[in-house]
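Data block below; observations after.
None of the values given here were measured: they were computed from a predicted structure.
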Amino acid sequence: TELRELATMIVQLDVTDPVSVEELARELADMPIDLLINNASTFYPTPVGAITGSDWDDLLGSNLKAPLFLSQAAAPQLRKDCGQIINIVDIYARKPLREHTVYCVAKAGLAMLTLSLARELGPLVRVNGIAPGAIIWPEQGLDESSKQAMLDQIALGTVGDPDDIARCALYLARDAAYLTGQIIAVDGGRSLGW
């Protein structure tokens, strides 16, 4: 499938607010939409015993609610243009990260949302996901022994690069015309024996 010349528009909005998303969808109603990439996310620890309602709303809001409502709002135009959706999931959707319960639940929900949307929006709209592994070190930092322990779990022995995710998204958008409902782990082989 050939991609049209890319035109992008940068919009600032609260992606967790369905009303804002619907307003954006109305603004974009006459514009072709070839590709929606749901990448907004929050990530921080939520150890059991310290989880708040605010943590739940924030983490599920950005990681699950926003992709659902953005996809729903864009669906009519995506159907019209035979477009596609790419959800940025996470390898922790399949195997939980200690002290990140709410984040993992949200990403597991996003994985199922990817499959559900693929089923419901096909055959006109393809929906796939990318599950990054260790691409950049967490902002809160890790000590050297923690970094080495993580590297020891990665078959390729190194962290990835954001370009690895971009290249996978380009593959899905440009070259994967017969792929839908799939979540590709871009994790250097970390999930092989983990």
Side-chain angles (χ1 to χ4, degrees), residues 15-16 35-51 55-68 70-71 84-119 126-194:
V15 296
T16 63
L35 176 64
L36 169 63
I37 298 179
N38 286 310
N39 186 42
S41 178
T42 49
F43 172 81
Y44 51 86
T46 52
V48 172
I51 299 169
D55 295 332
W56 179 266
D57 292 342
D58 180 42
L59 287 163
L60 265 79
S62 66
N63 290 294
L64 181 56
K65 181 179 177 182
L68 168 63
L70 285 166
S71 298
Q84 59 187 298
I85 298 169
I86 298 173
N87 290 323
I88 305 301
V89 185
D90 194 306
I91 60 171
Y92 293 123
R94 291 183 49 215
K95 185 159 183 168
L97 175 63
R98 185 177 182 83
E99 297 189 343
H100 287 75
T101 299
V102 179
Y103 174 81
C104 294
V105 165
K107 287 299 189 176
L110 182 57
M112 181 52 71
L113 178 64
T114 302
L115 304 180
S116 295
L117 289 173
R119 176 70 115 189
R126 293 187 301 111
V127 184
N128 292 293
I130 300 172
I135 301 299
I136 54 176
W137 296 116
E139 289 177 9
Q140 57 267 39
L142 294 173
D143 59 45
E144 289 306 311
S145 65
S146 297
K147 287 180 181 180
Q148 189 56 54
M150 186 178 293
L151 289 172
D152 290 343
Q153 296 175 345
I154 300 171
L156 295 181
T158 186
V159 294
D161 185 274
D163 284 345
D164 296 319
I165 305 305
R167 281 189 291 273
C168 185
L170 183 60
Y171 163 72
L172 289 170
R174 185 183 61 193
D175 301 323
Y178 197 59
L179 218 63
T180 195
Q182 301 302 307
I183 299 172
I184 300 173
V186 180
D187 67 353
R190 185 174 181 195
S191 55
L192 290 172
W194 170 53

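The side chain to side chain contact (heavy atoms under 4.5 Å, CB included) test with L64 singles out one residue from N38, L113, V105, and that residue is L113.
Closest approach of A134 and M150 over heavy atoms only: CB-SD, 3.7 Å. Heavy atoms only, all atoms of each residue included: G133 and D187 are closest at CA-CB, 3.7 Å. Scanning both residues, P132 and D90, for their nearest heavy atoms gives O-OD1, 3.7 Å. Smallest separation of non-hydrogen atoms from V89 and G129: CG2-CA, 4.4 Å. Smallest separation of non-hydrogen atoms from I183 and A131: CG2-CB, 3.8 Å. Heavy-atom minimum distance, I130 versus A169: CD1-N, 3.6 Å.
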Step by step, would you call L60 with K65 a side-chain contact (heavy atoms from CB on, under 4.5 Å)?
CA-CA 6 Å; L60 265 79; K65 181 179 177 182; 5.9 Å; no
Let me see the working for L151 and V159 under side-chain contact (heavy atoms from CB on, under 4.5 Å), right down to the final yes or no.
CA-CA 7 Å; L151 289 172; V159 294; 4.2 Å; yes
Could you give me the CA-CA distance, side-chain angles and deciding distance for T114 and N87, then say whether side chain to side chain donor-acceptor pair (under 3.5 Å) is met?
CA-CA 7 Å; T114 302; N87 290 323; 3.0 Å; yes
CA sep, side-chain torsions, deciding dist, call: W56, T46, side-chain contact (heavy atoms from CB on, under 4.5 Å):
CA-CA 9 Å; W56 179 266; T46 52; over 6 Å; no
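Using a 30° and 60° split on the angle between ring planes, F43 and H100 fall in the parallel class, below 30°.
Residues meeting the side-chain contact (heavy atoms from CB on, under 4.5 Å) test with V15, sequence neighbours left out: L13, A40, A66, L70. In this structure, the side-chain contact (heavy atoms from CB on, under 4.5 Å) partners of R167, at least two apart in sequence or on a different chain, are D163, D164.
With rounding to the nearest 0.5 angstrom, the CG atom of N128 is 9.5 Å from the CG atom of L115. Atom CG in N63 sits 10.0 Å away from atom SG in C104 (nearest 0.5 Å). Taken from CG in L36 to CD1 in I85, the straight-line distance is 5.5 Å, to the nearest 0.5 Å. Rounding to the nearest 0.5 angstrom, the gap separating the CD1 atom in I184 from the CG atom in L179 is 5.5 Å. Here the CD1 atom belonging to I135 is positioned 4.0 Å from the CD1 atom belonging to I165, to the nearest 0.5 angstrom. Note that CG of N39 is 10.5 Å distant from CD1 of I86, once rounded to the nearest 0.5 Å.
Using a distance-only test at 3.5 Å, with no hydrogens or angles considered, a donor-acceptor pair links the side chain of R126 to the main chain of L172. Of the possible polar contacts, none joining the T42 side chain to the S62 backbone as a donor-acceptor pair under 3.5 Å is found.
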